[in-house]
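Scroll down for the structure; my scribbles are underneath it.
Letters go in sequence order (proteins before strands), and every chain restarts at 1.
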2 protein chains.
Amino acid sequence: MLTNRQLQILQVIVDDFVTSAQPVGSRQISKKDWITSSPATIRNEMADLEELGFIEKTHTSSGRVPSEKGYRFYVDHLLQPISMSNREIGLFQSIFKNQIVEMEQVIRESANILSDLTSYTTILLGPNVSKHRVKRFQIVPLSEQTAVAIIVTDNGHVENRTITLPQGFAPSDIEKTVNILNERLVGVSLLELQSRLELETFNVLRQHVNTADSFIQSLRNVATFQNEGKIYFGGKTNMLNQPEFHDLNKVRALMEMMEKESQVISLFHREDTGIHIRIGSENNHIVMDDLSVITASYSVGNDQEGSIAIIGPKRMDYQRVVSLLDVMRSGLSRALSNKVNDGL
Amino acid sequence: MLTNRQLQILQVIVDDFVTSAQPVGSRQISKKDWITSSPATIRNEMADLEELGFIEKTHTSSGRVPSEKGYRFYVDHLLQPISMSNREIGLFQSIFKNQIVEMEQVIRESANILSDLTSYTTILLGPNVSKHRVKRFQIVPLSEQTAVAIIVTDNGHVENRTITLPQGFAPSDIEKTVNILNERLVGVSLLELQSRLELETFNVLRQHVNTADSFIQSLRNVATFQNEGKIYFGGKTNMLNQPEFHDLNKVRALMEMMEKESQVISLFHREDTGIHIRIGSENNHIVMDDLSVITASYSVGNDQEGSIAIIGPKRMDYQRVVSLLDVMRSGLSRALSNKVNDGL
DNA sequence: TATTAGCACTCTGTGTTAATGAGTGCTAAC
DNA sequence: GTTAGCACTCATTAACACAGAGTGCTAATA
């Protein structure tokens, strides 16, 4: 168990290092006016904190830097919520107050504002369409052989695919197909769509219209969706301003990581709904060893729908980011839920 | 007018500098076996070439480097088409041969393959929707107050917007609206849609359905499109491997530039249809002073539809990139045109 | 017993100097 | 017109000294 003084010292080390990015020395700590001990005493305490694994030296005679364990302790025990400035509150309200219609726009703007306010990088995982339910099918013919298949979901998302029509497929066949699909599949979630299509409609379709196998295959194709939401970035280049990214190799590694969708998605921990913090190696990804990720999820209606992540250096302003994320999460949830419930 | 020997020397300087990124010295040039002169002679010629502005020294006693004027001359007079390797041809065919349905996927893949083959960055400007023509309108109600408006264009593109319905708007009103829109606006290009909507349909709508001003405003909104195609990137991080990007500030400036849509679009010169090369400061953008951009446009059907750009260091392999771009341009045009004409 | 002042020691960062090497320009010879 | 030879320039690198920041330890102090 840490003594009170040790807690104080750890807190100063983390706070100072977060703002200055420089190792913190005993003299620097002793200067804080709420710290009464002399540098020598602090050095002794620091030696103990180091032995306990909370802080590290970058070389024999340098000041101390928080270790991952140190950050973890800080985050778990020393973090205190802070309130936001008026400017910040204003910015948030500006996204949500306008009667905004396009969900995509709200999300895009949220990502930008978050990254502006934090000067870190924001990743926003959009609502996962696979939970949405089919509201309406539509097939619009483009030519003799091609058409566009459209699915509108209950909260206004539109999916579309180009499909190939069987030879000699008449407009009436299209109409029949659309009717069959709408009769049987409205209300089905996109996740189940593929199997329900297979079980309930293909046979019926074969009976009523001139269906070729290629057409069935096209329809299968229509019912295939990405099983993760769309990814939005904010402030991708903010990271380059952080001193830990003076190393070009790190920059490249991170940029390449962010180009790969699957790797980006693996940064999120979607198990749970609260705010989560992963520090450095806790992310299980070499590229992220010097970075921390803070995630939160927002909901639309009752479902947990999407996630927000902020990526910054391990030396991140955890307090601030956690507070901002919390506000943003609830703001987004409220804004998007209103939009959907708007008269259901 | 340059002598034959001067041409040879300039060519070697550009070619060698392109591959090595190191200033080229007289000895190095004399080693090429098709160069017969001695280093001293070459030095004299180089002094002349420098006086003419085709090459430069980085410092008093360094080898020579092509100037912008030198590159420009090289590109205008010394460039010779090269043929592609089997591997490359194979890669190209792999995109186009599969019966691909989604235009977006073809474009995305093209961008990736181009950047893989060149190890530069590719920007692909997708087809500009504003030239497409309306094939079908559709309005799908989501709730009492909201609906999704959908426009399908003649080549299968789908645009959609969420709109707000006037109070007490009945399903039959929606049907009437859709009918009026389809009767009057099918075949109109998206570019003209806004004005035609204004002139020809709003009055009719006011007569036949319970139209609120907010509804009219929503429809106006529906008819507003981005007037440039969507932007696709390939190999955004390739640039980081170029030695000229060892400078972090340049990296940041470039990355920030690529985040801004308008700046990216200004890189294209869409006046004309051929292959265009802009070298360094010819791009009129500080960030691009050390970079060259090669652009080409592809067409779908008869219209010039989209553009491809490859961004690399000024010290770029112009021959190779021009050849690749030429193949890609015609491949893309053919693939996308087939897709559209497919039975018109 | 806990704290603190003092001091030797360690490591980083910076500025200086010297040596090396690649390349040029010029002159004189071919 | 071409080329060999030579003096000169500049960038790069290594070696070295020195200042500064910080530590750990010891001995004195409250």
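- Distances shorter than 4.0 Å separate some side-chain N or O of A:T41 from OP1 or OP2 on C:dT4.
- In this structure, the CD1 atom of B:I9 is 15 Å from the P atom of C:dG23, given to the nearest Å.
- A heavy atom closer than 4.0 Å to some atom of DNA chain C occurs in A:H59, A:T60, A:S61, these being the qualifying members of residues 45-71 of chain A.
- Side-chain contact check for B:R315 versus B:T19: every heavy-atom pair is 4.5 Å or farther apart.
- Listed by chain and residue number, B:E68, B:D289 satisfy the side-chain contact (heavy atoms from CB on, under 4.5 Å) test with B:S281 (two or more places apart in sequence, or in another chain).
- Pairs of residues two or more places apart, or lying in two chains, never qualify as side-chain hydrogen bond (donor to acceptor under 3.5 Å, both in side chains) while including a residue from residues 111-123 of chain B.
- Across B:R43, B:R64, B:K69, a single residue satisfies salt bridge (Lys or Arg N to Asp or Glu O under 4.0 Å) together with B:E50, and that is B:R64.
- Counting only heavy atoms from C-beta outward, the side chains of A:Y232 and A:L125 never approach each other to under 4.5 Å.
- Shown here are the salt bridge (charged side-chain N to carboxylate O under 4.0 Å, His left out) partners of B:E256, two or more places apart in sequence or in another chain: there are none.
- What separates CG of A:N44 from P of C:dT1 is a distance of 16 Å, to the nearest Å.
- The CZ atom of B:R43 sits 11 Å away from the C1' atom of C:dA22 (whole-angstrom rounding).
- Put simply, CD1 on A:I42 is 9 Å from P on C:dT4, counting in whole angstrom units.
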Let me see the working for A:V293 and A:I310 under side chain to side chain contact (heavy atoms under 4.5 Å, CB included), right down to the final yes or no.
CA-CA 6 Å; A:V293 180; A:I310 291 191; over 6 Å; no

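- Every pair tested for ring pair (Phe, Tyr, Trp, His ring centres under 6.0 Å) that includes a residue from residues 239-259 of chain A fails, sequence neighbours excluded, so the list is empty.
- Contacts between chain A and DNA chain D, taken as any atom within less than 4.0 angstrom of a protein heavy atom, begin and end at D:dA21 to D:dG24.
- Distance, A:Q6 CD to C:dT3 P: 11 Å, rounded to whole Å.
- Atom C1' of nucleotide C:dA22 and atom CD of B:Q28 are separated by 11 Å, given to the nearest angstrom.
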